[in-house]
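One structure below.
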Amino acid sequence: MSNERRKQFPFDEFEPRWQAAWEQANAFRTPNPGDADFDGSKPKFFVLDMFPYPSGNGLHVGHPEGYTATDIIGRFKRMSGFNVLHPMGWDAFGLPAEQYAIKTGQHPRATTERNVENFRGQLKRLGFAYDWDREVNTTDPDYFKWTQWIFLKLYGSYVNDEGKARPVSELEAKGLSREEIDARRLAYVSEAPVNWCPELGTVLANEEVVDGKSDVGGFPVERRPMRQWMLRITSFAQRLIDELDGLDWPEGIRLLQRNWIGRSEGAEVKFKVVQAAGLQPKADNPAGCPAIHVFTTRPDTLFGATYMVLAPEHPLVDQIVTEEQLSDVETYRAKTARKSDLERTELAKEKSGIFTGAYAINPVNEERIPIWIADYVLLGYGTGAIMAVPAHDERDWEFAKKFDLPIREVVAAAPRLQGEGSAVCDMPPLECLSLEGFAVNSSFLNGLATLEAKHRITAWLEEKGIGKKTINFKLRDWLFSRQRYWGEPFPIVWEGGHHRAIPESELPLQPPDLVDFKPTGTPEPPLSKAADWVKYSATATRELNTMPQWAGSCWYYLRYCDARNSERFVGVEAERYWMVGQPAGLPESESATQRVTPLLKPGGVDLYVGGTEHAVLHLLYARFWHKVLFDLGYVSTPEPFQRLVNQGLILGEDGQKMSKSRGNVVNPDDVVEEYGADSLRLYEMFMGPLEQVKPWSTNGVVGQHRFLARVWRLVMETNQEGEWVMSAALQDVTADKKLNKVLHETIKKCGGDIEKLCFNTAISQMMVLTTAFTQSDVRPVGALVTFLKVLSPFAPHIAEEIYAIVRSQFPQHAPAGFLADCEWPKFDPSAMIEDEVEVVFQVNGKLRDRATVPVNASKEEIEKLALASPKVREFVGALTVRKIVVVPGKLVNVVAN
RNA sequence: GCCGAUGUGGUGAAAUGGUAAACACAGCAGACUUAAAAUCUGCUGGGGCGAAAGCUCCUUGCCGGUUCGAGUCCGGCCAUCGGCACCA
């Protein structure tokens, strides 16, 4: 009594069959340099997906969007004679896995394995042409051995005067002390305040904290000082900005990175402190006369600095606060410390602060200005202290208004003549002017434009030794340790209060096999529970922190190049071939021509496709590691990813972001079950431009399914028993001119569109071709096979299936082997030439008539035809023809008035 | 507030400065069928005139500009989405 309706074509039978056939034949294995079957004469193409985090929810329809796009390109490049590296793997360490494991009482290794298994199965059901021999998993000891190894390279390096990473052995050779060296390592220990998340029981990187809450879970985050491992990414800030320029990335993403790094030019200025009213600073006693260093992007406004503000946590506060103000200051500091970052930003509108009782001397005019503390000044940026110029800074303005501090105008929109003696006008301006202009009330700067005033004052400060030109970055060093179980242990031991690397021979350093891996609820990491493991020797103990999830994803693309190498994180030859593209083992002349294209570019992954959510985090961290490896000579290119494309988010059918709570989540498995993998692949590519945000439409899937059914019926029809048999219309004849024209247009357009990632228009062209085949009484086999080749990167299963069916009767048109291994067809320009074309006639730009003319009709002939057209004559009427524009093969525009 | 992206039919969208709306979805009508599904064929931006074939005007967020010709290029607005945000 099953009411199951008949499938339009038996995708449920042949899709798994072809997946099995590809797998059994290892059809998409990519040989490496050195392998017997490696063909170094081919150019390389490295097409990379952002590897997924294998969550318990399984694949989301967003995953196949990017994965299908790269699969189409990979298959196309493969058919076009490239060695294609198209791998897949798992970013499997991390907080969510551990949270899930804790919740369900299972070991994260067990849940991770199961999730990976599930993801792999789901991806295989979509028919992606991955080389599964290169699969990587960041939690695999054979993988994280090298993550730990790279950490040791960071630990063992410093940045030299030229800004390049170099081994610390160079510093040892110069006789630097252990402490001096430790202070310069790229991986170093710091006591700085960090983002502690009590709920997750770990500290987080700045990048993982969003609006004062953890990115994972959304729990409150507070700042507290803790001993942590940091990576010195700030030493690479300038290069991370500069080297974006050579990359083929969306402008928006490059900007996001630039903004995140946040370079600003300005000056550092030193202000002397006077302890209290009447007390003069003791010039020869620095301890008695501390100085406050501030960073400012507007040194030209120095004459307008009427007070100073320190961050509440600033260490100098203790030294300068007066007896009288001490208790108020302490109260304020305690209040600020209790505030989470969230509260601090939420309350941003209302300024708060307290006077320290101390004064500083403004070095340009020797004026005594009060020193305050306020939480609008952040310890983490600049020097943690500012000179406040309320007339020209919105925040200072608000603060000054609230606490009734003096406001002095020092910049005016237009130059203003000063009275002789440059008397200072202390009339406060009516509003805050934070723009550039001309200096006023500023002694020797008066009349100068802002830019010039900056130069003048900076030179003056440098001359007096109280300031200097400075470049400041928003980017902070990368907080690299986590108090969690499910991550890479640090290959570090502690002895006598000092850290040191364990020998490389001891890698991989496996985490202890803990039964209880829950956070301790204190900053003490869970690894502390494994007493035996912790004890390294009689006197040394292991580092208890683990690495953050980002570690494994910083270099996975390199591991893909040589995933099974047990000697090295990536083989020298493999890295050079896949990242630079130098063909190995070619005769000199031949290799030179092959090299032209790849070496014009800085190199790296040829195409990297993934979501915008990694625009700053992953992409910045990976670039940083890559540059360190480049400086140390381990990789050949300064940048890892040459071309980056962001796929757009797929929204639910209701136009909202897909989420369980909205109930609008589409499960790819259900789509595959009902319509097949090819339909899903085709639909996701047909939805619209890859980079665009677009809503899901089940009807749209049905449309693609119908298209594939039409393709199927070009070759197959049902007999009286209801079985699929080959259509009699399929015949070994040559295509007529009309069909042949569409066919060659399709080859051309689809090839071009794939290169441009315009998959939606490629698919519509194939629909046009399919209609042409349908309307033709006979289906010429040769033309049909050519079409299958064009279709195969998009819908590989049905293409292979029809190809095999065609072979059963027309073996001469479908030689043995996979369609996936066939050569991409070449288009014949002569087939596309028409005998006649339609030209349109316009009068004053408006379409009035059209005519069919021979394709080689001359300008004069077309013009004559246009002027003879009754419609044209009607609209020209009594007007005078001023001009006639003729575009041969296109149009005639008669201009008349 | 700052930065970025996007605005085209009922919907997803397409258009090297040259016929706006290809290709699909949805809708309507017809063929096939006892019927339904599936399939196939046709119509489908808006207004006006016409019985109809057809004719005609308008239309790519808004306002201007360049051009023989603008969805496309330039200038100025508006709206939506995304990111950043006390960064001195």
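Reckoned from all heavy atoms, side chains included, excluding hydrogens, waters and symmetry mates. Chain identifiers are assigned alphabetically (A, B, ...) following the order of the sequence lines, protein sequences preceding nucleic acid strands; residue numbering begins at 1 within each chain.
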- prompt: Which whole number of Å gives the distance between the P atom of B/G45 and that of B/C78?
  reply: 34 Å
statement: Assign each of A/Cys758 and A/Asp396 the nucleotide of RNA chain B bearing its closest heavy atom; nearer the 5' end lies the nucleotide of A/Cys758
message: Regarding A/Val894, tell me which of base, sugar-phosphate or nothing describes its non-hydrogen contacts under 4.0 Å with the strands shown.
response: nothing
- prompt: Between B/G18, B/C40, B/U39, which nucleotide has the shortest distance from any of its atoms to the side chain of A/Arg706?
  reply: B/U39
task: Name the orientation class of the two ring planes belonging to A/Phe403 and A/Phe399 (parallel below 30°, tilted from 30 to 60°, perpendicular beyond 60°).
output: tilted
Separation of the C1' atoms in B/G7 and B/C62, to the nearest angstrom: 11 Å
query: With a non-hydrogen cut-off below 4.0 angstrom, is A/Phe9 in contact with a base, only sugar-phosphate, or nothing?
result: nothing
task: Verify the contact: side-chain N or O of A/Arg258 to OP1 or OP2 of B/C2, cut-off strictly under 4.0 Å; return yes or no.
output: no
query: Between B/C23, B/C58, B/C68, which nucleotide gets closest to the side-chain atoms of A/Ser764?
result: B/C23
field: Distance between C1' atoms of B/U66 and B/A53 (Å, rounded)
entry: 42 Å
- request: Side chain of A/Met767 only, please: which of B/C23, B/G12, B/G18 is the nearest?
  value: B/C23
field: Integer angstrom distance from the C1' of B/C55 to that of B/U6
entry: 38 Å
- prompt: At under 4.0 Å, does any side-chain N or O of A/Gln692 touch on OP1 or OP2 of B/A13?
  reply: yes
- request: Go through the steps for A/Glu745 and A/Lys741 under the test salt bridge (Lys or Arg N to Asp or Glu O under 4.0 Å), then give the verdict.
  value: CA-CA 6 Å; A/Glu745 282 170 349; A/Lys741 177 170 177 279; 2.9 Å; yes
Minimum-distance nucleotide (side-chain atoms of A/Gln775 versus B/U41, B/A13, B/A88): B/U41
message: With a 4.0 Å limit, can you tell me whether A/Arg254 has a side-chain N or O closer than that to the phosphate oxygens OP1/OP2 of B/G4?
response: no
task: Determine: side-chain N/O of A/Lys890 to OP1/OP2 of B/G18, distance under 4.0 Å, yes or no.
output: no
- prompt: Would one find a side-chain N or O of A/Thr383 under 4.0 angstrom from OP1 or OP2 of B/A88?
  reply: no
task: Could you give me the CA-CA distance, side-chain angles and deciding distance for A/Arg298 and A/Glu436, then say whether salt bridge (Lys or Arg N to Asp or Glu O under 4.0 Å) is met?
output: CA-CA 9 Å; A/Arg298 293 293 301 270; A/Glu436 304 207 331; 5.5 Å; no
- prompt: Of all the choices, B/C68, B/A15, B/C84, which nucleotide is nearest to the side chain of A/Val885 once you look at every atom?
  reply: B/C68
query: Is a donor-acceptor contact shorter than 3.5 angstrom present between the side chain of A/Gln842 and the base of B/U19?
result: no
- request: State whether A/Glu350 and A/Lys402 are salt-bridged, where the test is any N-O pair (Lys NZ or Arg NE/NH1/NH2 against Asp/Glu carboxylate O) under 4.0 Å.
  value: yes
query: Is B/G9 in the syn or the anti form, by the rule that syn lies within 90° of 0?
result: syn
- request: Determine the interatomic distance between P on B/A5 and the same-named atom on B/C58; round to the nearest Å.
  value: 34 Å
Pairing annotation in dot-bracket form, given for RNA chain B with Watson-Crick or G-U pairs under 3.5 Å and | for cross-strand partners: (((((((..(((.....[....))).(((((.......))))).(((((....)))))..(((((..]....))))))))))))....
task: Identify whether the distance between the nearest side-chain nitrogen and carboxylate oxygen of A/Glu268 and A/Lys270 falls below 4.0 Å.
output: no
task: Between B/C58, B/A88, B/C25, spot the one nearest the side chain of A/Ser264, thanks.
output: B/A88
- request: State whether the number of non-hydrogen atoms from other residues, nucleotides or ligands found under 6.0 Å of A/Glu251 atom CD is greater than 12.
  value: yes
- prompt: Within the structure shown, what part of the strands sits under 4.0 Å from A/Glu838 by heavy-atom distance: base, sugar-phosphate, or nothing?
  reply: base
query: In terms of the nearest nucleotide of RNA chain B, which residue is placed more toward the 5' end: A/Leu847 or A/Phe875?
result: A/Leu847
message: Between B/U11 and B/G1, how far apart are the two C1' atoms, rounded to whole Å?
response: 36 Å
query: With a non-hydrogen cut-off below 4.0 angstrom, is A/Phe473 in contact with a base, only sugar-phosphate, or nothing?
result: nothing
- request: Please work out if A/Gly703 contacts a base, only the sugar-phosphate, or nothing of the nucleic acid, heavy-atom cut-off 4.0 Å.
  value: sugar-phosphate
query: A/Arg882 near the nucleic acid: base, sugar-phosphate alone, or nothing, with a heavy-atom cut-off under 4.0 Å?
result: nothing
task: Check whether any side-chain nitrogen or oxygen of A/Arg713 sits under 4.0 Å from OP1 or OP2 of B/C40, and answer yes or no.
output: yes
message: In this structure, how many angstroms lie between the P atom of B/C23 and the CD atom of A/Glu745, rounded?
response: 13 Å
- request: Look at all strands and tell whether A/Ile386 reaches a base, only sugar-phosphate, or nothing, counting heavy atoms closer than 4.0 Å.
  value: base
message: Does A/Asp245 form a salt bridge (Lys or Arg N to Asp or Glu O under 4.0 Å) with A/Arg258? I'd like the steps, not just the answer.
response: CA-CA 11 Å; A/Asp245 287 344; A/Arg258 277 197 204 99; 3.1 Å; yes
Rounded distance (Å) that lies between atom P of B/C3 and atom CZ of A/Arg263: 19 Å
- request: Considering only atom P, compute the distance from B/C57 to B/G61 and round it to an integer number of Å.
  value: 22 Å
- prompt: What does A/Pro250 touch in the nucleic acid at a heavy-atom separation under 4.0 angstrom: a base, only the sugar-phosphate, or nothing?
  reply: nothing
message: Using ring centroids (six-membered ring only for Trp), state whether A/His705 and A/Phe9 fall under 6.0 Å.
response: yes
query: Does the side chain of A/Asn760 get closer than 4.0 angstrom to OP1 or OP2 of B/A14 through an N or O atom?
result: yes
- prompt: Over how many whole Å does the gap from A/Leu649 atom CG to B/U6 atom P extend?
  reply: 17 Å
task: Pick base, sugar-phosphate or nothing for A/Leu255, based on heavy-atom distances below 4.0 Å to the nucleic acid.
output: sugar-phosphate
task: Please report the closest heavy-atom contact between A/Gln656 and A/Asn664, naming both atoms and the distance.
output: O-ND2, 3.5 Å
field: Closest to side chain of A/Leu256, choosing from B/A88, B/G83, B/G69
entry: B/G83
- request: For nucleotides B/G42 and B/C23, find the distance between their P atoms and express it as a whole number of Å.
  value: 11 Å
message: For a quick check, tell me whether the side chain of A/Asn699 and the base of B/C25 share a donor-acceptor pair closer than 3.5 Å.
response: no
- prompt: Of all the choices, B/G12, B/G18, B/C86, which nucleotide is nearest to the side chain of A/Val887 once you look at every atom?
  reply: B/G18
task: Measure from the side chain of A/Asn259, starting at C-beta and using heavy atoms only, and say which of B/C58, B/A13, B/C3 lies closest.
output: B/C3
- request: Respond yes when some side-chain nitrogen or oxygen of A/Lys871 is under 4.0 Å from OP1 or OP2 of B/U56, and no when none is.
  value: yes
